[in-house]
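In what follows, a structure is listed as structure tokens, so that the remarks can point back to it.
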Amino acid sequence: MSINESQSSINVILLDEDPIFSLGLKEICKDEIYQDINIIATGKLKDIFSLIKNYNCDLVAVALDWEKYPDRVKKFFQDLSLLVKEYPELNILLMVNPRGLIYDLTSLSIVKGYCYKNIEIDELIKIIRICAKGEQYLTQNQSLSSNQNNFNSWLALQCQGGIKEIERQIKEINNHTKTHQLSPADVIYWHGRKRELKLAKWLINRFLSESDRTLLNFQLNFNQISNSNGDDNTNRVEKQDKNKAKTEKSNAIILVNQPENVYDLTLLKIQKNLTNYTKKIQATDILINSKQKELLIIILQEWEELILETEKLQLNREELEKRVETFIKELWQNSTLKFLQRYLPSSIENESKQNLELVNLIINQGEKLATNELIKIPFIQDFLIYEIEKKEITIDNFTYSYGNENSLEIEEIILQNTILNIANFTVEFILNNFADSSILKHNIFQPELKSSRKVAMFRNNLVWKYRREKYWQNPKNIFEDQYEMLRLTYEGIVCCQITHPRYQELNTIKGIPWGVTILIELRDSLAKGVKSLGDSLGKLLVYLLTEVVGKGIGLIGKGILQGIGSRMKN
């Protein structure tokens, strides 16, 4: 009997700044034993109100990563106070970074449990099922003792307990001074005592990181709100009835709200559909759809991270131009390594050795690839400088200013063409080096392309495609001053053209590509003369048929008719 037959469906909203985790969990939940977990929507932390309003869910699973997204996590904790008021019946599961501290927020009625984000999938599904019922998975004592082995976590916990005790004593002093008539000496004493406690609190706070202080202050400030809302049963019932009346939505991964920038828009299109509508084979066509999405998301995230790192270097224009090749090389190397490490088989005994061999192979290939292929991706150098300096980019003698609405479309095309090309180079690397790996083929290749014969046919088709592009399409594009770009739409991957002067490349091409441009030029130069000659020959043929042959046939016919008429008279 499957889980679906024995358990009712659990509708889950998943919030995470890392879309790869969301995509992976959605794919895992397609397994028969996890099919009672229905991920009805995903989004970022800021989308929680929009999703709760539009979806009727049993649980909201929230992934928190202080190291990468401190501001977004801080904003989410500020929003929790409103959630307690507006949705007291809500069930929230917090998934935290393994290196972080699990904070005691069980005083908030809507927080049902905690867990580490990287735990085993079976354990995570069990926690989701428990918390979706409104039961608590991790008690206060358990949460506070879970990180005793880590000194920093232990110190933070001790500081947390001390600050709680100080806050309690300050509250008692405030109540005592308000409810009792005190002598001047008592007033001085209690005010002095309160100053001592505040000083102690300040000193303890120096031992806490900014994230620890923020979360602790949040907990102390909203304990009272949580308790008062927890007792309001009437409000809880009204909210539940309102929730049940919400319109049911389709079971699909979505991103709510309008995309704020090119990165969000690109991510949204990756999540939608990656069907190839270019009429040309792409290396990524061999991947399962979910793995194709995963690879593109990894590349997009690496691009963002490398842009931020390069910005911090504060390079001038000349230094930045020299770094372009290094940037694009690191982008391919990091993305390929992250993707392959997820799926390449490795034994525990030889894991470090295999990882080292993989890294060396990727580094060696990256050096050649960056010099010969990656640097040729259209507009990569100008676009990188545009993204870091945030000034302008000139294409086809038109200047696009950074942040201008008119620049968004060209930004989108260049960025998407770049990550799609990087993805194709990554898959080519896999096909050239790991095509015989049965585990890799089982994990990431399309089911109908797993056999050795199908893989060989696919590689041969790719080779013919690249030959055609090298010897015909690319010279033709250079001669016509245009670039053929790959672009993402909500329906899939398409081709588009961008016009831009390429006379420098035209002056440097040699061999067969040069011969192709000569043939195209010869065709263009002879086209008018051939057309004129064809028109003249056509007119001559018409004249001969009508004026000579036609009249001759007409005279013959007339003579035959006259002969027939004479015989009939006789």
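Enclosure of atom NZ in K450 by more than 12 non-hydrogen atoms of other residues, nucleotides or ligands within 6.0 angstrom is indicated. Atom CD of E448 is surrounded by more than 12 heavy atoms from other residues, nucleotides or ligands within 6.0 Å. Other residues, nucleotides and ligands contribute only 12 or fewer heavy atoms inside 6.0 Å of the NE2 atom of H442. Within 6.0 Å of atom CD in E172, more than 12 heavy atoms from other residues, nucleotides or ligands are found, so the atom counts as buried in its surroundings.
A donor-acceptor contact under 3.5 angstrom links the side chains of Y386 and E411, judged on distance only.
Within the 3.5 Å criterion, the main-chain N or O of D58 finds a donor-acceptor partner in the side chain of N91. With hydrogens and angles ignored, the 3.5 Å screen pairs a side-chain donor or acceptor of N417 with a backbone N or O of L486. No donor-acceptor pair under 3.5 Å is formed between the side chain of Q136 and the backbone N or O of G113.
A pairwise comparison of heavy atoms in L274 and L488 identifies CD2-CD2, 3.6 Å as the closest pair. The nearest pair of heavy atoms linking R487 to L420 is N-CD1, 4.1 Å. In this structure, S401 and E392 approach most closely via the heavy-atom pair CA-CB, 4.1 Å. Pairing each heavy atom of I33 with each of R129, the nearest pair is O-NH2, 3.2 Å. Here the shortest heavy-atom pairing between L93 and Y114 reads CD1-N, 3.9 Å. Contact detail for K112 and G134: the closest heavy-atom pair is CD-O, 3.7 Å.
With I92 as the partner, the side chain to side chain contact (heavy atoms under 4.5 Å, CB included) test is satisfied by one option alone out of I13, I110, L59, L15: I110. The salt bridge (Lys or Arg N to Asp or Glu O under 4.0 Å) test with D16 is passed by exactly one of K46, K117, R72: K117.
Legend: residues meeting side chain to side chain contact (heavy atoms under 4.5 Å, CB included) with H191, ordered by chain and number and at least two apart, are V187, R195. By the side chain to side chain contact (heavy atoms under 4.5 Å, CB included) test, N174 pairs with I170, K194, sequence neighbours left out. Applying the side chain to side chain contact (heavy atoms under 4.5 Å, CB included) test to E311 and every residue at least two apart in sequence or in another chain returns I307, L308, I388, K390.
One finds the CD1 atom of I288 at 10.5 Å from the CG atom of L449 (value rounded to the nearest 0.5 Å). Interatomic distance, D285 CG to N424 CG, rounded to the nearest 0.5 Å: 8.0 Å. Rounding to the nearest 0.5 Å gives a distance of 11.5 Å between CD of E412 and CE of M485. Here the straight-line distance linking atom CD of Q282 with atom CD of Q292 works out to 9.5 Å at 0.5 Å rounding. Between atom CD1 of residue I286 and atom CZ of residue F445 there is a gap of 4.0 Å, rounded to the nearest 0.5 Å. Here OH of Y87 is found 7.5 Å from CZ of F49. Values are rounded to the nearest 0.5 Å.
Side-chain contact between I28 and I37 is absent, with no heavy atoms from C-beta onward closer than 4.5 Å. Taking 4.5 Å as the limit, every side-chain heavy atom of F379 sits out of range of all side-chain heavy atoms of T418. L83 places none of its side-chain heavy atoms less than 4.5 Å from the side chain of V60. For the pair I270/I419, a side-chain contact is recorded, criterion being any heavy-atom separation below 4.5 Å from C-beta on. For the pair N273 and Y490, the minimum side-chain heavy-atom distance is 4.5 Å or more. Residues V62 and L45 have side chains in contact (heavy-atom distance under 4.5 Å, counting atoms from C-beta outward). Between K26 and L14 there is no side-chain heavy-atom pair separated by less than 4.5 Å. Within the 4.5 Å cutoff, no side-chain heavy atoms of L25 are placed close to those of T42.
Here K126 does not pair with D122 in a salt bridge; the nearest charged N to carboxylate O distance is not below 4.0 Å.
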Using the side-chain contact (heavy atoms from CB on, under 4.5 Å) rule, take L94 and F76 through it: C-alpha gap first, then chi angles, then the decisive distance, then the call. CA-CA 11 Å; L94 300 179; F76 171 78; 4.2 Å; yes
For the pair L384 and T310, evaluate side-chain contact (heavy atoms from CB on, under 4.5 Å) and give the outcome as yes or no after the intermediate values. CA-CA 10 Å; L384 177 60; T310 309; 5.6 Å; no
Take Y343 and I439, measure what side-chain contact (heavy atoms from CB on, under 4.5 Å) needs, and give me the verdict at the end. CA-CA 8 Å; Y343 302 106; I439 297 179; over 6 Å; no
Run the numbers on K291 and V427 for side-chain contact (heavy atoms from CB on, under 4.5 Å), then give the verdict. CA-CA 11 Å; K291 307 308 176 187; V427 177; over 6 Å; no
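In this structure, W303 and F327 have perpendicular ring planes: the angle between them is above 60°, well past the 30° mark.
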